[in-house]
Number of protein chains: 2
Amino acid sequence: MAHEQLTLSFQLCFRVYALERELMAAYRPLLDQLDLTYPQYITMLYLWEHEKGTVGELCSALSLDTGTMSPLLKRLEAGGFITRRRLPRDERTVEVRLTRKGKELEEQALSIPGNIASCLLTSDKDEQQRRYDELKTILDQTLDQLRASRKEREARVN
Amino acid sequence: MAHEQLTLSFQLCFRVYALERELMAAYRPLLDQLDLTYPQYITMLYLWEHEKGTVGELCSALSLDTGTMSPLLKRLEAGGFITRRRLPRDERTVEVRLTRKGKELEEQALSIPGNIASCLLTSDKDEQQRRYDELKTILDQTLDQLRASRKEREARVN
DNA sequence: CGCTACTAGATTGTGTACAATATAACAGAA
DNA sequence: TTCTGTTATATTGTACACAATCTAGTAGCG
């Protein structure tokens, strides 16, 4: 690299960028069998846990905006996994619920986490578990820090 | 989560997924000033370092496929940052080179890594530097492992 | 030379991402 | 009640991301 400064953050950010896509590639063949994409899968994970949710709750839980979530939900509805309806007491709000097919899909999804874990974990399980707990922690810290400095930037603009 | 198994890999993968987008959000305002997106930026990083490269080399260095790279390069060309030409000795190969404007852009990009680093690093610099070296290492290990198990899967299919 | 297999890129189609904008519904003040 | 500002979601436009397919060019072999 011509300029040394370009390396530090690049080394980190590019790795995260690459890892994210490699992870998606690991999920893809598994999720193909359920006719889901990864963003659709984590949307279903939320619904399997909470039974129902509004579009806003889903956006905030998955940190996606409505421009992503709206068409995604439309595809899940077209796939017969969920239903959407405006709430009578506030017609602005759209409530998403699982269909029977959507609920039943959870059974098929049960093998996915273990399958992904087997791509991530190697021989020494305990050691690896410890490493990933650590990774989880540092990812959280980094996320928090980025979100904090984003908030700061946004505040400065206003 | 109804089923405990869903948590382990989910906790890891979702964090990586979220972190990737948060990182892109940190780059965005900086890269907007250069009229680049993040994938375009790392393409330019490659070219700033190597002067030139074929489409295939860029795809492989950034682990992107031609379906992403081709239109991306077309936009960089439209922006006047690069030129593309077929090599005389092998007309299949397209060589990408920086224009003067593309070369000069590097100067403007110099402040970006430091700016991103300041979103990532907090008070105790040394401690944080140590943490990120560690993060870098574990990201690499995880990437390697995922790529290995992908290769394995692909081999099994054939 | 003519045939075949292969290679490098480009294209197409689907699905995110997200900024910017639009729309409809709600809530509170005059 | 009417006006105004706000909220929840949807839509539009641009740019990835990638599987699948296409195309032109190359290389090897009879």
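Labels below follow one simple rule: chain letters A, B, ... track the order of the sequence lines, proteins then strands, and each chain is numbered from 1.
OP1 and OP2 of C/dG9 both lie 4.0 Å or more from every side-chain N or O belonging to B/Arg84. Within the structure, a side-chain polar atom (N or O) of B/Arg75 is placed less than 4.0 Å from OP1 or OP2 of D/dC16. Neither OP1 nor OP2 of D/dA10 sits under 4.0 Å from any side-chain N or O of A/Lys74. Using a 4.0 Å cut-off, some side-chain N or O of B/Thr37 falls inside it from OP1 or OP2 of D/dC16. Between B/Tyr17 and C/dT16 there is no side-chain N or O to OP1 or OP2 distance below 4.0 Å. A/Arg28 has a side-chain polar atom (N or O) that falls below the 4.0 Å cut-off from OP1 or OP2 of D/dA19. For A/Thr93, no side-chain nitrogen or oxygen approaches OP1 or OP2 of D/dT7 to under 4.0 Å. Taking side-chain N and O atoms only, A/Gln40 has no distance below 4.0 Å to OP1 or OP2 of C/dG15.
The residue B/Gly56 sits close only to the backbone: its heavy atoms come under 4.0 Å of sugar-phosphate atoms, none of a base. Residue contacts shown for A/Asp65 include a base, since a base heavy atom lies under 4.0 Å away. Nucleic acid contact for B/Thr68: base, since at least one base atom lies under 4.0 Å from a heavy atom of the residue. At the heavy-atom level, A/Ser70 lies under 4.0 Å from base atoms of the strands shown.
Both tests hold for A/Arg21 against A/Tyr17: distance to the six-membered ring centre under 6.0 Å, angle to the ring axis within 45°.
Here the side chains of B/Phe81 and B/Leu36 are in contact, with some heavy-atom distance below 4.5 Å. In this structure, B/Arg85 and B/Val94 have side chains that are not in contact, with every pair of non-hydrogen atoms separated by 4.5 Å or more.
Comparing C/dT11, C/dC26, C/dC18 against the side chain of A/Glu91 picks out C/dC26 as the nearest.
No hydrogens or angles were tested; on distance alone, nothing pairs the side chain of B/Arg92 with the base of D/dT26 as donor and acceptor under 3.5 Å. Remark: the B/Thr66 side chain and the C/dA10 base include a donor-acceptor N/O pair separated by less than 3.5 Å.
In this structure, the CG atom of A/Leu73 is 14 Å from the P atom of C/dG15, given to the nearest Å. Summarising the geometry, the separation between CG on A/Leu62 and C1' on C/dG15 is reported as 16 Å, rounded to the nearest angstrom. Between the OH atom of B/Tyr27 and the P atom of C/dC18 there is a distance of 16 Å, rounded to whole Å. Atom OH in B/Tyr38 sits about 10 Å away from atom P in D/dA17, given to the nearest Å. Rounded to whole Å, the distance from CG on B/Asp90 to C1' on D/dA27 is 10 Å. Atom CG in B/Leu76 sits about 12 Å away from atom C1' in D/dA15, given to the nearest Å. For the pair A/Leu64 CG and C/dG15 P, the interatomic distance rounds to 16 Å; values are reported in whole Å. Nucleotide C/dG9 holds its C1' atom 12 Å from the CG atom of B/Leu87, rounded to whole Å.
Sequence order on DNA chain C of the closest nucleotides to A/Met24 and A/Arg89 puts A/Met24 first from the 5' end. Nearest-nucleotide positions on DNA chain D place A/Val55 closer to the 5' end than the other of A/Arg21 and A/Val55. When each of B/Glu20 and A/Glu95 is assigned the nucleotide of DNA chain D bearing its nearest heavy atom, the one mapping closer to the 5' terminus is A/Glu95.
Under the 30°/60° scheme for interplanar angles, the aromatic rings of A/His50 and A/Tyr46 are found to lie parallel. The aromatic rings of A/Tyr27 and A/Tyr38 sit tilted, their planes meeting at an angle between 30° and 60°.
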Can A/Glu95 and A/Lys52 be said to form a salt bridge (Lys or Arg N to Asp or Glu O under 4.0 Å), step by step? CA-CA 7 Å; A/Glu95 185 185 77; A/Lys52 59 173 176 158; 3.8 Å; yes
